[in-house]
**Student:** 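Here it is, the structure, as structure tokens.
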Amino acid sequence: AGGHTLGFSHCSSFQNRIHNFSNKTDVDPTMNPSFATSLRQVCPKHNKVKSAGANLDSSPTVFDNAYFKLLLQGKSIFSSDQALITSSRTKALVAKFAANQEEFFDAFVKSMIKMSSINGGGTEIRLDCRVVN
């Protein structure tokens with residue numbers, strides 16, 4: 001999840017959280033209301049701008065712990081990210097990483113090393129994630 005400290009998302013990937021969320025509410029109630037309002041301005045209900053969207057956190061080009069700080073404030077783009085604070089176990093990790101960037105960096109390194117062992121531990125590092133070298 002910490003990988004979402006980098007990048008941008010198009011409206012189509014989170015539109016369901018800011019428009020017609022359920023029959024009871026238009027906006028996902030786990031989302032910070034002012035954050036939702038700002039996203040609705042960028043991504044109106046009938047958005048026609050294909051490049052419209054939002055940064056995943058406040059420092060989209062810097063690998064840092066801003067993503068975790070924003071999660072605690074209800075300012076995550078994706079519901080899958082916001083779900084991290086619904087369980088006491090994962091919320092404790094989010095709080096720990098929000099409070100201590102080095103803890104996040106250490107855990108991220110360990111998780112990437114562990115993930116590299118999936119499917120036989122291939123060593124390919126892609127220059128473009130969509131294309132096999």
**Student:** So, Arg40 and Asp26, do they make that salt bridge, N to O below 4.0 Å?
**Tutor:**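 Between Asp26 and Arg40 there is a salt bridge, with a charged N closer than 4.0 Å to a carboxylate O.
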**Student:** Spell out, yes or no, whether Leu39 and Phe78 are grouped together once hydrophobic residues are joined by side-chain heavy atoms under 4.5 Å, including indirect joins.
**Tutor:**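 Yes, because Leu39 and Phe78 connect within a single hydrophobic cluster, where side-chain heavy atoms sit under 4.5 Å apart.
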**Student:** Do Asp57 and His4 have side-chain heavy atoms sitting under 4.5 Å apart?
**Tutor:**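 Of all side-chain heavy-atom pairs linking His4 with Asp57, none is under 4.5 Å.
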**Student:** State, with a plain yes or no, whether a side-chain heavy atom of Ser59 is found less than 4.5 Å away from one of Tyr67.
**Tutor:**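 Contact flag for Ser59/Tyr67 side chains = no.
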**Student:** Is the shortest heavy-atom distance from the side chain of Phe35 to the side chain of Ile77 under 4.5 Å?
**Tutor:**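 Yes, close enough: below the 4.5 Å cut-off.
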**Student:** Would you kindly confirm whether Ile18 and Leu56 end up in one hydrophobic cluster when ILVMFWY residues are joined by side chain heavy atoms under 4.5 Å apart?
**Tutor:**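 Yes; Leu56 is reachable from Ile18 via cluster members.
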**Student:** Could you please spell out the steps behind the side chain to side chain contact (heavy atoms under 4.5 Å, CB included) verdict for Arg17 and Ser76?
**Tutor:** CA-CA 10 Å; Arg17 294 189 75 204; Ser76 66; 3.6 Å; yes
**Student:** For Asn20 and Lys45, what are the C-alpha separation, side-chain angles and deciding distance, and is it a side chain to side chain contact (heavy atoms under 4.5 Å, CB included)?
**Tutor:** CA-CA 9 Å; Asn20 300 323; Lys45 194 170 197 169; 3.2 Å; yes
**Student:** What heavy-atom pair brings Val42 and Gly53 nearest, and what distance separates the two atoms?
**Tutor:**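 Closest pair (atom of Val42, atom of Gly53, distance): CG1-O, 3.0 Å.
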**Student:** Is Leu84 linked to Leu6 within one hydrophobic cluster, defined over Ile, Leu, Val, Met, Phe, Trp and Tyr using a side-chain heavy-atom separation of less than 4.5 Å?
**Tutor:**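 Yes; Leu6 is reachable from Leu84 via cluster members.
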**Student:** Between Thr5 and Asn65, do the side chains contain a donor N or O and an acceptor N or O under 3.5 Å apart?
**Tutor:**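 No - no donor-acceptor pair under 3.5 Å links their side chains.
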**Student:** Between atom NZ of Lys75 and atom OG of Ser38, what is the distance when rounded to the nearest 0.5 Å?
**Tutor:**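 Going from the NZ atom of Lys75 to the OG atom of Ser38 covers 8.0 Å.
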**Student:** What pair of heavy atoms forms the shortest contact from Ala98 to Leu72, and how long is it?
**Tutor:**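 Ala98 and Leu72 have their closest heavy atoms at CB-CD1, 3.7 Å.
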**Student:** What is the minimum heavy-atom distance between Met31 and Ala36, and which atoms define it?
**Tutor:**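 Scanning both residues completely, I find the closest heavy atoms to be SD-CB, 3.5 Å.
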**Student:** Would you find a donor on one side and an acceptor on the other, under 3.5 Å apart, between the side chain of Asn55 and the backbone of Ser58?
**Tutor:**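 Between the backbone of Ser58 and the side chain of Asn55 there is no qualifying donor-acceptor contact (under 3.5 Å).
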**Student:** I want to check something: taking the side chain as every heavy atom from C-beta on, are Cys43 and Phe14 in contact at a cut-off of under 4.5 Å?
**Tutor:**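 Of all side-chain heavy-atom pairs linking Phe14 with Cys43, at least one is under 4.5 Å.
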**Student:** I would like to know whether Leu70 and Gln73 meet side chain to side chain contact (heavy atoms under 4.5 Å, CB included); could you show each step before the answer?
**Tutor:** CA-CA 5 Å; Leu70 293 172; Gln73 298 170 28; 4.0 Å; yes
**Student:** What residue among Lys96, Arg89, Lys91 forms side-chain contact (heavy atoms from CB on, under 4.5 Å) with Leu93?
**Tutor:**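 When side-chain contact (heavy atoms from CB on, under 4.5 Å) is applied between Leu93 and each of Lys96, Arg89, Lys91, only Lys96 qualifies.
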**Student:** Exactly one of Asn16, Asp28, Thr30 should register a side-chain contact (heavy atoms from CB on, under 4.5 Å) with Phe21. Which one does?
**Tutor:**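 Exactly one candidate clears the test, Asp28.
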**Student:** Checking Phe63 now: which residues fulfil ring-ring contact (aromatic ring centres under 6.0 Å, His included) with it, not counting sequence neighbours?
**Tutor:**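 With neighbours one apart ignored, the set is Phe104, Phe105, Phe108.
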**Student:** Using modelled atom types only, decide if a donor and an acceptor are shared between the side chain of Ser13 and the backbone of Ser9 within a distance under 3.5 Å.
**Tutor:**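 Flag not set: sc Ser13 to bb Ser9 has no pair under 3.5 Å.
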